[in-house]
Amino acid sequence: MGNETSITLDVGSTILDLLTHLDKKLVQNVIAAEVNGEEKDLTYALEDADQLELIDSDSAQGRHILRHSTAHVMAQAVTSLWPGAYFAIGPAIEDGFYYDFFLPDGKHFTEADIERIEAEMRKIIAARQPFLREEYEPQEALCIFSDQPFKTEIIENIASTGSSSGEIAAEIATEAAPNASKVSAYRNSEWFVDLCRGPHVPHTGRLGHFKLLKVAGAYWRGDEKKQQLQRIYGTAFESEKMLNEHLNRLLEAERRDHRKLGLELDLFSFPDEIGSGLAVFHPKGGLVRKIMEDYSRMRHEQEGYQFVYSPHITKGDLFEISGHLNWFGENIFPPMEIDGENKYYLKPMNCPFHILIFRSKQRSYRELPLRLFEFGTVYRYEKSGVIHGLTRVRGMTQDDSHIFCTREQMTGELKSILTFVLDLLREFGLNDFYLELSTRPEGKAVGSDQEWEEATTALHDTANAMNIPLVLDEGGGAFYGPKISVQAKDAIGRTWQMSTVQLDFQLPQRFDISYIGSDNTKHRPVMIHRALFGTVERFFGVLLEHYAGALPTWLSPVQVKILPIRDTHEEYCLQLKELLAAEGIRIEYMQAKEPLGARIRQAKLEKIPYILAVGDEDVASGTVGINLRGVKDPIRAVQKEDFIAKIKEDIQKHWSNPTEGFAIDNPSAVRVEKELS
RNA sequence: GCCGGUGUGGCGCAGUUGGUAGCGCAGGCGAUUUGUAAUCGUCAGGUCGUGGGUUCGAGUCCCUCCACCGGCUCCA
């Protein structure tokens with residue numbers, strides 16, 4: 001609440017008692033409190049000199065609590081519908097909560113059960129059941145939960161380690177008591193009690209604005225070798241309004257799904273006949289992709305990269321030397337046998353090829369940093385269940401580069417790469433980033449501690465200097481070195497992993513590459529692996545979702561569509577088309593076979609940035625009527641030269657939408673887009 | 001890979017308790033010549049993902065495989 005006040009109460013008073021002394025309006029949203037920095041239920045009995053912070057249901061902390069409480073209600077509902085169900089863990093997560101269950105006797109939930117469970121939950125909420133906190137010695141708790149194997153395991157873990165932390169995942173910690181000696185649980189009814197650290201809302205009547213979203217699978221403790229459970233996801237908010245806003249955001253995400261857009265806009269497809277996770281790009285998608293790649297090539301040229309090419313297959317020796325067959329083997333497609341002797345593999349990575357280019361002759365320090373760039377198509381065997389549109393595929397093209405430099409050049413290179421990455425991503429319209437530093441994967445890494453330490457420090461320091469938030473991803477590095485990845489947030493706030501920059505001391509050793517230094521002796525170069533788009537496919541998918549399919553003009557496969565009002569305007573239109581084409585503008589002409597409204601509609605659905613409608617008045621005065629994407633009303637009688645100047649500016653400046661240059665304050669823009677969905 | 005769901009013409013969908021497939025959009029053709037988000041008519045298009053089984057008979061029931069969707073584990 002912010003303001004500090006001292007209040008005197010009777011001995012044994014609870015927070016709830018205290019609230020009754022305070023202004024009703026101010027405290028009606030309070031669902032829990034922090035006492036001396038620890039979250040407590042409202043039924044907590046205050047002691048002398050306790051410092052109290054109230055937690056409102058509309059705060060992040062408050063939502064977390066009410067979601068967690070809703071998860072308990074869901075578990076109770078499930079237990080009442082499926083007596084004997086085992087429940088595992090049920091934490092609040094970002095935007096919602098889940099609970100993992102196991103139904104005995106081979107039963108399982110289906111999507112259809114969601115409604116039944118929701119209905120049962122509403123009954124529990126209507127009953128305004130109190131959440132009663134109980135504390136037990138571990139032995140007692142084991143008795144109470146003797147028929148719940150997962151809970152038993154959690155309690156035993158707490159009892160043996162003395163705490164809920166350690167090797168137990170963070171989410172499990174939310175289930176357990178923070179102090180070692182006692183185990184806390186919350187009772188909602190005579191027959192339903194759940195192990196939990198708390199706190200919870202005072203009673204189930206404080207809940208109700210929730211929705212169950214999906215049934216999914218999940219492994220016990222996130223370990224694929226352990227039992228498979230069923231997870232039910234849901235979300236809950238402090239009000240119906242906030243809940244609906246969230247559900248609308250989910251719909252918006254669905255509307256932006258690049259798989260759907262790719263089909264609607266005729267950009268790419270995944271024919272069954274080719275195989276899972278292998279895309280073909282149709283002419284329009286191919287054009288977008290070409291523009292992306294051309295732009296990238298142009299920028300790489302400016303940044304001092306040299307272009308190389310390497311084949312898609314190689315003898316296994318190469319990946320033996322690099323260590324990929326050993327460390328990355330399960331992601332490599334099975335080999336082709338040639339002449340019974342040699343095993344050839346589809347390449348999963350480009351780096352060894354670039355190393356061989358480096359090694360093809362003796363190198364001098366004067367050549368460094370040597371920056372080799374390639375749109376390298378690689379193939380990775382991904383488990384069938386993980387494939388997802390263009391963002392997770394089995395055949396992908398990386399905008400890959402390997403930079404060979406001296407130890408001394410390393411930091412400078414890293415810095416210029418990160419600057420380059422962020423610039424490039426901004427040029428494609430992504431503006432909101434954070435960096436993630438992935439460190440040594442324990443048990444899955446090569447190289448000495450000292451090398452890892454040095455590499456990690458170098459990456460960390462460079463990342464820190466970028467003035468962008470940096471988060472740590474413990475153990476997420478590649479087997480040969482740590483990495484920084486750039487996470488970009490899209491237009492609706494979702495984050496996508498894009499670029500990666502990896503520092504590598506290992507492969508230069510494995511391939512024994514060297515350069516002659518100014519001292520006339522051999523030195524080992526350092527290698528930096530980096531991809532800016534990450535992969536062209538994923539980047540394409542992310543851009544589609546970011547722009548909801550309405551690509552900026554410079555990336556649009558069709559930039560202008562010309563519509564004559566009647567076919568008598570055809571001649572003028574074709575002249576206009578020539579004029580625009582001469583400026584390198586991508587344009588389509590649409591004959592007057594149908595009413596104008598129908599053609600406008602069709603062009604709008606194609607998300608064309610500029611639709612020109614041309615009639616008698618335009619022919620007479622050399623003008624066009626412009627329909628901007630995202631704007632309902634047309635702009636009439638614009639001199640065609642003015643239009644050309646405008647669209648050229650748009651293309652040159654990479655406007656995210658044509659409206660940017662027209663000072664249009666048109667709230668219908670967003671509405672129109674929505675109506676069409 | 002694992003758990004659950006789904007798979008009907010290019011796309012979106014309907015197909016009652018098993019009785020050999022419909023609709024809308026898109027497409028072809030014809031008419032309509034249209035000033036801002038769907039003009040009218042007509043025609044064509046599907047061995048119902050695949051392979052097997054049950055049955056007199058399978059889009060409907062069972063099994064296999066494939067693919068997709070939602071997650072988990074992995075990950076660019």
**Prompt:** Tell me: NZ of A:Lys593 to P of B:rG41, nearest whole Å?
**Reply:** 19 Å
**Message:** Side chain of A:Arg636 only, heavy atoms from C-beta on: which candidate in B:rU33, B:rA76, B:rG35 is closest?
**Reply:** B:rG35
**Request:** Inspect the surroundings of NZ in A:Lys489 and state if more than 12 heavy atoms from other residues, nucleotides or ligands are less than 6.0 Å away.
**Result:** no
**Request:** Report yes or no: is there a donor-acceptor pair, N or O only, under 3.5 Å between the side chain of A:Arg392 and the base of B:rC75?
**Result:** yes
**Request:** Identify which nucleotide among B:rU36, B:rC68, B:rA76 has an atom closest to any side-chain atom of A:Lys483, counting heavy atoms from C-beta outward.
**Result:** B:rA76
**Prompt:** How would you label the contact of A:Gln228 with the nucleic acid (heavy atoms, under 4.0 Å): base, sugar-phosphate, or nothing?
**Reply:** base
**Item:** Pair A:His529 + A:Tyr480: ring centers closer than 6.0 Å
**Value:** yes
**Message:** Heavy atoms only, 4.0 Å cut-off, all strands: where does A:Ala592 land among base, sugar-phosphate and nothing?
**Reply:** base
**Message:** For B:rC74 and A:Lys383 - does any side-chain N or O of the residue sit under 4.0 Å from the phosphate oxygens OP1/OP2?
**Reply:** no
**Asked** Within less than 4.0 Å of OP1 or OP2 of B:rA38, is there a side-chain N or O belonging to A:Arg601?
**Response** no
**Asked** Which listed nucleotide (B:rG70, B:rC2, B:rC74) is nearest to the side chain of A:Ala216?
**Response** B:rG70
**Most 5' of A:Gly477 and A:Ile387 on RNA chain B, judged by nearest nucleotide** = A:Ile387
**Prompt:** A:Asp266 CG to B:rG27 P: how many Å, rounded?
**Reply:** 12 Å
**Request:** Determine the Euclidean distance between corresponding P atoms of B:rU47 and B:rG10; express it in Å to zero decimal places.
**Result:** 9 Å
**Base-pairing mate for B:rC25 - Watson-Crick or G-U, with both contacts under 3.5 Å** = B:rG10
**Asked** So what's B:rG57 paired with, Watson-Crick or G-U wobble, going by both distances under 3.5 Å?
**Response** none
**Prompt:** If we take the P atom in both B:rU60 and B:rG19, what is their distance in whole Å?
**Reply:** 11 Å
**Message:** Give me the distance, rounded to whole Å, that separates B:rG51 from B:rG9 when you measure between the P atoms they each carry.
**Reply:** 15 Å
**Request:** Would you please indicate if the ring centroids of A:Phe281 and A:Phe540 are separated by under 6.0 Å?
**Result:** yes
**Prompt:** Is A:Val378 touching bases, backbone alone, or none of the nucleic acid, heavy atoms closer than 4.0 Å?
**Reply:** nothing
**Prompt:** Any side-chain N or O of A:Lys226 under 4.0 Å from OP1/OP2 of B:rU73?
**Reply:** no
**Request:** Step through the shown structure and confirm whether more than 12 heavy atoms of other residues, nucleotides or ligands are within 6.0 Å of CD on A:Gln639.
**Result:** yes
**Test side chain to side chain contact (heavy atoms under 4.5 Å, CB included) applied to A:Thr439 and A:Leu459, A:Asp473, A:Leu472, the passing residue** = A:Leu472
**Asked** Between A:Asp257 and A:Arg259, is there a salt bridge with N-O shorter than 4.0 Å?
**Response** yes
**Prompt:** For A:Tyr233 and B:rC72, is the shortest distance between a side-chain N/O and OP1 or OP2 below 4.0 Å?
**Reply:** yes
**Request:** To the nearest 0.5 Å, tell me how far A:Arg371 CZ sits from A:Ile417 CD1.
**Result:** 8.0 Å
**Message:** Please pick, from B:rC68, B:rG1, B:rG35, the nucleotide with the shortest atom-to-atom distance to any side-chain atom of A:Leu596.
**Reply:** B:rG35
**Prompt:** If only side-chain N and O atoms of A:Thr500 are considered, is one of them under 4.0 Å from the OP1 or OP2 phosphate oxygen of B:rA76?
**Reply:** no
**Message:** With a 3.5 Å limit on both atom pairs, tell me what B:rU39 is paired to, counting Watson-Crick and G-U wobble, or say none.
**Reply:** B:rA31
**Item:** Spacing of the P atoms in B:rC40 and B:rU64 (rounded, Å)
**Value:** 49 Å
**Asked** How do A:Thr110 and A:Asp567 order along RNA chain B: which one's closest nucleotide is nearer the 5' end?
**Response** A:Thr110
**Prompt:** Touch check for A:Asn331, heavy atoms < 4.0 angstrom, all strands: base, sugar-phosphate only, or nothing?
**Reply:** nothing
**Asked** What interatomic distance, in whole Å, is found between P of B:rU20 and the corresponding atom of B:rG57?
**Response** 14 Å
**Prompt:** A:Ile600 has a side chain; which of B:rG35, B:rU36, B:rA76 sits nearest to it?
**Reply:** B:rU36
**Message:** At 4.0 Å (heavy atoms only), tell me whether A:Glu264 reaches a base, stays on the sugar-phosphate, or touches nothing.
**Reply:** nothing
**Ring centres under 6.0 angstrom apart (A:Tyr99, A:Phe101)** = yes
**Item:** Presence of donor-acceptor pair under 3.5 Å, side chain of A:Asp616 and base of B:rG35
**Value:** no
**Message:** B:rC75, OP1 or OP2 - any side-chain N/O from A:His388 closer than 4.0 Å?
**Reply:** no
**Message:** Applying the side chain to side chain contact (heavy atoms under 4.5 Å, CB included) criterion to A:Val614, which one of A:Ile565, A:Leu563, A:Leu576, A:Thr623 satisfies it?
**Reply:** A:Leu576
**Prompt:** Using atom P of each nucleotide, how far apart are B:rC72 and B:rG59 to the nearest Å?
**Reply:** 38 Å
**Asked** If you check every side-chain atom of A:Met396, which of B:rU73, B:rA76, B:rA38 has the closest atom?
**Response** B:rA76
**Message:** I'd like to know whether the aromatic ring centres of A:Trp82 and A:Phe109 sit less than 6.0 Å apart in this structure.
**Reply:** yes
**Message:** Ignoring hydrogens and geometry beyond distance, is the side chain of A:Glu382 in donor-acceptor contact with the base of B:rA76 at under 3.5 Å?
**Reply:** yes
**Message:** Once you apply a heavy-atom cut-off of 4.0 Å, does A:Lys225 come out as touching a base, just sugar-phosphate, or nothing?
**Reply:** nothing
**Any-strand Watson-Crick or G-U partner of B:rC2, both distances under 3.5 Å** = B:rG71
**Message:** Under 4.0 Å, heavy atoms only, any strand: does A:Gly277 hit a base, just the sugar-phosphate, or nothing?
**Reply:** sugar-phosphate
Look for any protein N or O under 3.5 Å of an N or O in nucleotides 7-16 of chain B and output each such pair with its distance, or none.
none

**Prompt:** Does any N or O in the side chain of A:Arg67 come within less than 3.5 Å of the main-chain N or O of A:Ala236, such that one atom is a donor and the other an acceptor?
**Reply:** yes
**Per A:Ile565 side chain, nearest of listed nucleotides B:rG35, B:rG4, B:rU36** = B:rG35
**Prompt:** Taking OP1 and OP2 of B:rC68, is either one under 4.0 Å from a side-chain nitrogen or oxygen of A:Ser276?
**Reply:** yes
**Asked** Within less than 4.0 Å of OP1 or OP2 of B:rC68, is there a side-chain N or O belonging to A:Arg259?
**Response** no
**Same-atom distance (P) from B:rG41 to B:rU6, integer angstrom** = 38 Å
**Message:** Aromatic contact between A:Tyr381 and A:Tyr379, with the criterion being ring centroids under 6.0 Å apart: yes or no?
**Reply:** no
**Request:** Give A:Phe101 one of three labels, base, sugar-phosphate or nothing, depending on what nucleic acid heavy atoms sit under 4.0 Å from its own.
**Result:** nothing
**N/O (side chain, A:Tyr219) to phosphate O (OP1/OP2, B:rG1) under 4.0 Å** = no
**Message:** Heavy atoms only, 4.0 Å cut-off, all strands: where does A:Glu617 land among base, sugar-phosphate and nothing?
**Reply:** base
**Asked** When all nucleic acid strands are considered with a 4.0 Å heavy-atom cut-off, which category describes A:Gly597: base, sugar-phosphate, or nothing?
**Response** sugar-phosphate
**Request:** Taking atom C1' in both B:rG53 and B:rA58, compute the distance separating them and give it to the nearest angstrom.
**Result:** 11 Å
**Prompt:** What's the CZ-P distance between A:Phe109 and B:rG70, to the nearest Å?
**Reply:** 21 Å
